[in-house]
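Structure, as structure tokens:
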Amino acid sequence: MGSFMTTLTVPEKLKLIYEGKAKRLYETNQVDKVLIEFKDDLTAFNGKKHDVIASKGILNAAISAKLFTILEKNGIATHFIEQVDERTILAKRLKMIPLEVVCRNIAYGSLIKRVPLFKPGQKLNRPIIEFFLKNDELGDPFLSEEHIISLEIVREDELNEIKRITRRVNDVLKDFLARVGITLVDFKLEYGWDLNGDLILGDELTGDTMRLWDSKTGRILDKDLYRKGEPLSEVLKAYKECYRRIVLEEVP
Ligand code: TMP
Ligand code: ASP
């Protein structure tokens, strides 16, 4: 996958601060920066289904790095600093907001179950933003905006800012992905606060957290293949296809 030309001295990797289902987060000797390592683990249904696909972490690190770079070029503040090796990115350290912010262009997945008036594959006349509490023990429950404000997870003005940035992320990603023949069905974002108190987009942007369909054939190119029980070889093929299209395309 080539060498990584870093423009700055990579901070020293110190202790593991957090291990998620698909990533490990390391503290560094620079208090405001973390190293995020993308694992080969793939999970679904709140971790009940688990497998390892060799090289998935490498594909996802590169896809995330590319998409964060495009967002930054479009003036969106993200935690991404640079990719430092094939499965690691250097990022701003954030205090994460415990929300999963989902944005949908096409009705699918949990939306259909929650609101059966929507038909699977139906194009939404405007993107829908939804919020879920990031809490595995509670099964990531749906939250209304009123719930979020009442629970003081964020203030109303902050929530509005999260929605504004999410719509902008959607516009930028949708346009870029369309250029490489991919329809952005929906995706999940996570935000946090940096040390200056600024709202920053964190986490990852990959086929683990986005629904991506081939624009011509409708073929699924994301983790839904795994959720639907397709063989791991098919899942890997789809992730490689995303890599080929997204990472090898020039940044516009
Ligand atoms: P949903 O239709 O299951 O609510 O998923 C919406 C989007 O969020 C989809 O692109 C997959 C992504 N997602 C995650 O990134 N993490 C999760 O835990 C879940 C349930 C969905
Ligand atoms: N992210 C969750 C898990 O890994 C659920 C999902 O993406 O389907 O278990």
Side-chain angles (χ1 to χ4, degrees), residues 18-25 36 38-53 56-57 59-61 63-64 67-68 78-79 96-124 127-144 147-148 162-163 166-167 169-170 172-174 176-177 182-192 201-214 218-230 232 235 238-239 242 246:
Y18 171 80
E19 177 152 8
K21 291 191 279 284
K23 294 186 292 297
R24 289 190 192 94
L25 207 74
I36 303 176
F38 287 72
K39 306 198 292 184
D40 287 339
D41 298 65
L42 191 61
T43 68
F45 313 119
N46 202 3
K48 285 186 200 79
K49 182 171 174 171
H50 174 236
D51 283 280
V52 173
I53 299 184
K56 181 216 136 189
L59 300 169
N60 275 0
I63 291 168
S64 263
L67 296 179
F68 277 125
T78 82
H79 69 156
M96 296 307 290
I97 298 165
L99 288 178
E100 300 203 337
V101 181
V102 169
C103 180
R104 304 178 188 272
N105 296 306
I106 292 175
Y108 208 72
S110 73
L111 175 63
I112 310 297
K113 295 198 184 105
R114 210 166 29 257
V115 190
L117 292 172
F118 290 111
K119 299 292 164 241
Q122 176 185 340
K123 193 175 174 318
L124 300 168
I128 292 179
I129 297 180
E130 295 178 335
F131 301 93
F132 299 84
L133 181 69
K134 191 172 167 72
N135 185 320
D136 281 347
E137 264 171 48
L138 301 179
D140 296 346
F142 177 87
L143 294 177
S144 74
H147 296 155
I148 292 169
I162 287 173
K163 284 167 60 183
T166 300
R167 288 190 198 286
V169 169
N170 185 42
V172 173
L173 291 184
K174 206 166 37 154
F176 171 74
L177 291 169
I182 294 175
T183 301
L184 179 61
V185 175
D186 56 31
F187 57 95
K188 182 261 302 181
L189 302 179
E190 294 182 27
Y191 291 87
L201 178 64
D203 197 44
E204 65 177 84
L205 295 165
T206 68
D208 282 9
T209 60
M210 301 187 285
R211 285 199 174 95
L212 305 169
W213 293 351
D214 181 281
R219 183 182 149 212
I220 295 173
L221 297 170
D222 61 73
K223 192 164 111 175
D224 264 350
L225 293 170
Y226 181 67
R227 296 189 188 99
K228 290 173 190 286
E230 292 291 325
L232 296 183
V235 181
Y239 279 67
C242 285
I246 295 170

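Remember, it's 1-based here, ligands and their atoms both numbered in the order they're listed.
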Quiz item: Of T209, D140, D203, which is the lone residue that meets side chain to side chain donor-acceptor pair (under 3.5 Å) with K188?
Solution: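 Exactly one option meets the side chain to side chain donor-acceptor pair (under 3.5 Å) with K188, and it is D203.
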Protein heavy-atom partner closest to [atom] - residue, atom, separation in Å:
atom: atom 9 (O) of ligand 2; result: G47 N, 2.6 Å
atom: atom 4 (O) of ligand 2; result: T43 OG1, 2.3 Å
atom: atom 8 (O) of ligand 2; result: R227 NE, 2.7 Å
atom: atom 19 (C) of ligand 1; result: E100 OE1, 4.4 Å
atom: atom 11 (C) of ligand 1; result: R227 NH2, 3.7 Å

Shortest non-hydrogen contact from [X] to [Y]?
X: I63; Y: C242; result: CD1-CB, 3.9 Å
X: G207; Y: L212; result: CA-CD1, 4.3 Å
X: S110; Y: F132; result: OG-CZ, 4.1 Å
X: I220; Y: A238; result: O-CB, 4.2 Å

Practice problem: Quickly, which of T166, I162, L189 forms a side-chain contact (heavy atoms from CB on, under 4.5 Å) with L201? Name it, please. | Solution: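 So, applying the side-chain contact (heavy atoms from CB on, under 4.5 Å) to L201 and each of T166, I162, L189, only L189 qualifies.
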Self-check item: side-chain contact (heavy atoms from CB on, under 4.5 Å) partner of D41, the single match among K21, H50, K56
Solution: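 Output: one option passes, namely H50.
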Self-check item: Donor + acceptor pair across side chains of N105, N170 (<3.5 Å)
Solution: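 Side-chain D/A pair, N105 to N170: present.
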Practice problem: Check the side chains of Y239 and T206 for a donor-acceptor pair under 3.5 angstrom, ignoring hydrogens and angles. | Solution: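 On atom types as modelled, these side chains do not qualify, holding no pair under 3.5 Å.
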Quiz prompt | Sub-4.0 Å heavy-atom approach of K49 to ligand 2 | solution =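 No.
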Quiz prompt | ligand 2 to N46 polar contact by distance, N or O atoms, under 3.5 Å | solution =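 Between N46 and ligand 2 (N or O atoms, distance only) the closest approach is under 3.5 Å.
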Quiz item: Do any nitrogen or oxygen atoms of D208 come within less than 3.5 Å of a nitrogen or oxygen of ligand 2?
Solution: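 N/O-N/O distance below 3.5 Å does not exist for this pair.
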Quiz item: Is the shortest heavy-atom distance from the side chain of F187 to the side chain of K174 under 4.5 Å?
Solution: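 Of all side-chain heavy-atom pairs linking K174 with F187, none is under 4.5 Å.
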Quiz item: So do the side chains of L232 and Y226 get within less than 4.5 Å of each other, counting heavy atoms only?
Solution: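 Result yes, sub-4.5 Å side-chain heavy-atom pair found.
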Please identify which atoms of ligand 2 are closer than 4.0 Å to at least one heavy atom of [X].
X: K223; answer: 1 (N), 4 (O), 6 (C), 7 (O)
X: F45; answer: 5 (C), 8 (O), 9 (O)
X: K21; answer: 2 (C), 3 (C), 4 (O), 9 (O)

Practice problem: Look at the side chain of T43 and the backbone N and O of K49, then say whether any donor-acceptor pair between them is shorter than 3.5 Å. | Solution: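 No; zero donor-acceptor contacts below 3.5 Å.
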Quiz item: Is a side-chain N or O of K119 found less than 3.5 angstrom from the main chain of A107, in a donor-acceptor match?
Solution: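 Not at all, since once roles are kept as given, no pair shorter than 3.5 Å links the two residues.
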Output the list of atoms in ligand 1 that are nearer than 4.0 Å to some heavy atom of [X], sorted by atom number.
X: G109; result: 2 (O)
X: T209; result: 10 (O), 12 (C), 15 (O)
X: F187; result: 10 (O)
X: S110; result: 1 (P), 2 (O), 3 (O), 4 (O)
X: D208; result: 15 (O)

Quiz item: At under 4.0 Å between heavy atoms, which part of K48 makes contact with ligand 2: side chain, backbone, both or neither?
Solution: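 Neither part.
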Have a look at ligand 1 and work out which part of [X], if any, has a heavy atom under 4.0 Å from it: side chain, backbone, both or neither.
X: D222; answer: neither
X: E130; answer: neither
X: R104; answer: side chain

Self-check item: N46, V102, D186, L184: member with heavy atom nearest to atom 9 (C) of ligand 1
Solution: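 Selected option, by shortest heavy-atom distance: D186.
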Quiz item: Among R211, K188, K134, which residue places a heavy atom closest to atom 14 (C) of ligand 1?
Solution: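 Residue with the shortest heavy-atom distance to the ligand atom: K188.
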Practice problem: State whether D222 and R211 are salt-bridged, where the test is any N-O pair (Lys NZ or Arg NE/NH1/NH2 against Asp/Glu carboxylate O) under 4.0 Å. | Solution: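 No, D222 and R211 are not salt-bridged.
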Quiz item: Does K223 have a non-hydrogen atom less than 4.0 Å from ligand 1?
Solution: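 False for this residue.
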